[in-house]
Amino acid sequence: MAPWPELGDAQPNPNKYLEGAASQQPITPDKSKETNKNNTEVPVTRIELLPTYSTATLLEEPTEVDDPWNLPTLQDSGIKWSERDTKGKILCVFQGIGRLILLLGFLYLFVCSLDILSSAFQLVGGKMAGQFFSNSSIMSNPLLGLVIGVLVTVFVQSSSTSTSIIVSMVASSMLTVRAAIPIIMGANIGTSVTNTIVALMQVGDRSEFRRAFAGATVHDFFNWLSVLVLLPVEVATHYLEVVTQLIVESFHFKNGEDAPDLLKVITQPFTMLIVQLDKQVINQIAMNDETVKNKSLIKIWCKTFTNMTQMNITVPSTANCTSPSLCWTDGIQTWTMKNVTYKENIAKCQHIFVNFYLPDLAVGIILLIISLLVLCGCLIVIVKILGSVLKGQVATVIKKTINTDFPFPFAWLTGYLAILVGAGMTFIVQSSSVFTSALTPLIGIGVITIERAYPLTLGSNIGTTTTAILAALASPGNTLMSSIQIALCHFFFNISGILLWYPIPFTRLPIRMAKGLGNISAKYRWFAIFYLIIFFFLIPLTVFGLSLAGWPVLVGVGVPVVFIIILVLCLRLLQSRCPRVLPKKLQNWNFLPLCMHSLKPWDALISKFTSCFQMPCCCCCRVCCRVCCLLCGCPNCCRCSKCCQDLEEGQEAQGVPVKAPETFDNIAISREAQESCG
């Protein structure tokens, strides 16, 4: 094989590749050396060049490429404990206590901001959500019921609210259990949008955002894939309805106490000072109650007194009297006695908006902006504090504890234990959204792997259904059975999804799909917002509109779209696995315009559009960033202190890089080598 060309011109630092006599044994002079000495009369040391490398050998060597999904090594850059004096150790202890207090405080604000965010969404879209449910005639379409469940849960940011509406409608015979099951499936999808929004707060760092967004969307993909498989099965067999009906009829359920609400006991004293909502208004709108359509969701009176008295009222005729003995006439009108209930307002609520008398939409927008800002700020600080605390030995212990499997042959039990842990933690905090949202930043900073977060998320799905079952047991007698059956449908739907997408490692498609979406979103960060809008708003709204137009329109539009998607997936699978069976033109997507098989043109367009709105950071922003860095112990060169610069380049190397020694630092030769690899 021919050596690399122009070796002499290509070495910028010859001393690194020369071995002189100073590091060698003494060499006896030879004739050539003597001749050279006679000619120049300057002592010359014999040198030896390192062996040259063949081009083919360099290209054939395996290239080590860093896996972006490997957990980062959180190294402790501070002073070791053993090297500190007594004063330094005391100061370190107080710093640790201060960071712990800050972490708990911002975690509390983080959970409270999630509660306020849910209230804001209910103020903005709660009445619209109730109107979705008010037309019970369209609920017989399972596909329409599914998208209504998604949209309502996204609008109110609470699967428990949408489930309680469904239970009320089933109990009042406005909705059958069979029609309610697709809505429950949609609510399961809609509740996963919260932690996806939380993942957007880590968009500043590409590596963290890749892991955080994948960890959040693994929940989405599990729910979507479960619905794609189980909804047709349920429509064909009604297995969820039959199984839950047998369970309800076999066990004699009795009213019990309400589910323990451990987290809200801590957060409600603060959130109730911000705003309080009358959630019964949404239920009454869904039940077609005309008296509440213009009623505000904001609760004004928290303490009321209801009294019932007998009053004399006029009626059109004696047939309208309550009883013949309580009916009389005065010659002009017919009178009767009737029990009249009236409500007396005693004390107003003690929250900020009680005396503002603003419309629900205005209050909702104000709370939405404030809660998102607080959520974003708390998440940034939490990530910074965790990054400063979880270093060195602490990070190593936590990573090994969470991510390590049991010894062989019990390694397969680790994931199922994680499912139980996720279910238990969700049962404690009473919200799957809170648990998965708190899990997301830990995935982003590299404490928990995607593979471990997946069973924790599945356990969270089960935990939120057990909470619903306990809440159903506290329902009144007329809604007890329907509440329990709906909660059991939700439970068995998630169990069926876990049996589909977890026990066999090959079937864990949500992990691979989430990683693929994480890679795309890390490279094109605008695609994350595009994904949220498309999957949680545009697709459900499109299906909703087509379903309202009738089955012929839905089938006429949906079948070609589904056929094209299946065709593209099959073609993509053949291109990656066995491209030789395809015609040469179909072995890649180059026959299509670039904008149809690559995001680069769209990225250039969006970058050009958003560049008009980019402004340098103000002084306040820089001061806040530096304060954040001082609190968290960041170095002076961190991202916070350079918030106006994007430290990470969006360009990534195409193909496999060539592994060559440092002698080939010449730009022309490096470029030629890379072209020869391509």
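Taking the six-membered ring for Trp and thresholds of 30 and 60 degrees, Phe213 and Tyr531 have ring planes more than 60 degrees apart, a perpendicular arrangement.
The distance from atom CD1 of Ile495 to atom NE2 of His490, rounded to the nearest 0.5 Å, is 11.0 Å.
At a threshold of 4.5 Å between non-hydrogen side-chain atoms, the residues Val227 and Phe493 count as touching. In this structure, Phe222 and Ile498 have side chains that are in contact, with non-hydrogen atoms separated by less than 4.5 Å. Within the 4.5 Å cutoff, the side chain of Pro510 has heavy atoms near those of the Leu225 side chain. Contact annotation: the side chain of Phe537 never approaches that of Leu532 to less than 4.5 Å [non-hydrogen atoms, C-beta and beyond]. Trp526 is listed as a side-chain neighbour of Trp602, based on a closest heavy-atom distance under 4.5 Å. Between Phe491 and Thr244, the closest side-chain pair of non-hydrogen atoms is not below 4.5 Å. Side-chain contact between Lys600 and Tyr524: present, with at least one pair of heavy atoms (C-beta onward) separated by less than 4.5 Å. Side-chain contact between Phe209 and Leu200 is present, with at least one heavy-atom pair separated by less than 4.5 Å.
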Could you check Ile183 against Leu146 for side-chain contact (heavy atoms from CB on, under 4.5 Å), going step by step and ending with a plain yes or no?
CA-CA 5 Å; Ile183 307 175; Leu146 173 72; over 6 Å; no
May I have the step-by-step check of side-chain contact (heavy atoms from CB on, under 4.5 Å) for Trp589 and Leu571, ending in yes or no?
CA-CA 10 Å; Trp589 299 106; Leu571 193 58; 3.4 Å; yes
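Scanning both residues, Leu231 and Met185, for their nearest heavy atoms gives CD1-SD, 3.9 Å.
Legend: residues meeting side chain to side chain contact (heavy atoms under 4.5 Å, CB included) with Cys578, ordered by chain and number and at least two apart, are Leu574, Val581. Every residue two or more places apart in sequence or in another chain that forms a side chain to side chain contact (heavy atoms under 4.5 Å, CB included) with Ile565 is listed here: Val561, Leu569. For Glu451, the side chain to side chain contact (heavy atoms under 4.5 Å, CB included) partners are Thr449, Ile511, Lys515, not counting sequence neighbours.
Listed by first and then second residue, the salt bridge (charged side-chain N to carboxylate O under 4.0 Å, His left out) pairs that reach into residues 430-447 come to none, sequence neighbours excluded.
In summary, the side chains of Thr196 and Asp220 do present a donor paired with an acceptor at a separation below 3.5 Å, with no hydrogens or angles considered. Using modelled atom types and a 3.5 Å distance limit, the side chains of Thr426 and Ser460 yield a donor-acceptor pair.
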Which donor-acceptor pairs under 3.5 Å do the side chains of residues 372-383 make with protein atoms, sequence neighbours left out?
none

Please report, to 0.1 Å, the donor-acceptor pairs under 3.5 Å made by any side chain of residues 409-419, with sequence neighbours excluded.
residue: Trp412; atom: NE1; partner: Pro409; partner atom: O; Å: 3.2
residue: Thr414; atom: OG1; partner: Phe406; partner atom: N; Å: 2.9
residue: Thr414; atom: OG1; partner: Ala411; partner atom: O; Å: 3.0

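No donor-acceptor pair closer than 3.5 Å links the side chain of Asp115 to the backbone N or O of Val111.
Within a 6.0 Å radius of CZ in Phe270, other residues, nucleotides and ligands contribute 12 heavy atoms or fewer. Under a cut-off of 6.0 angstrom, the local environment of CD1 in Ile504 is sparse, with at most 12 non-hydrogen atoms contributed by other residues, nucleotides or ligands.
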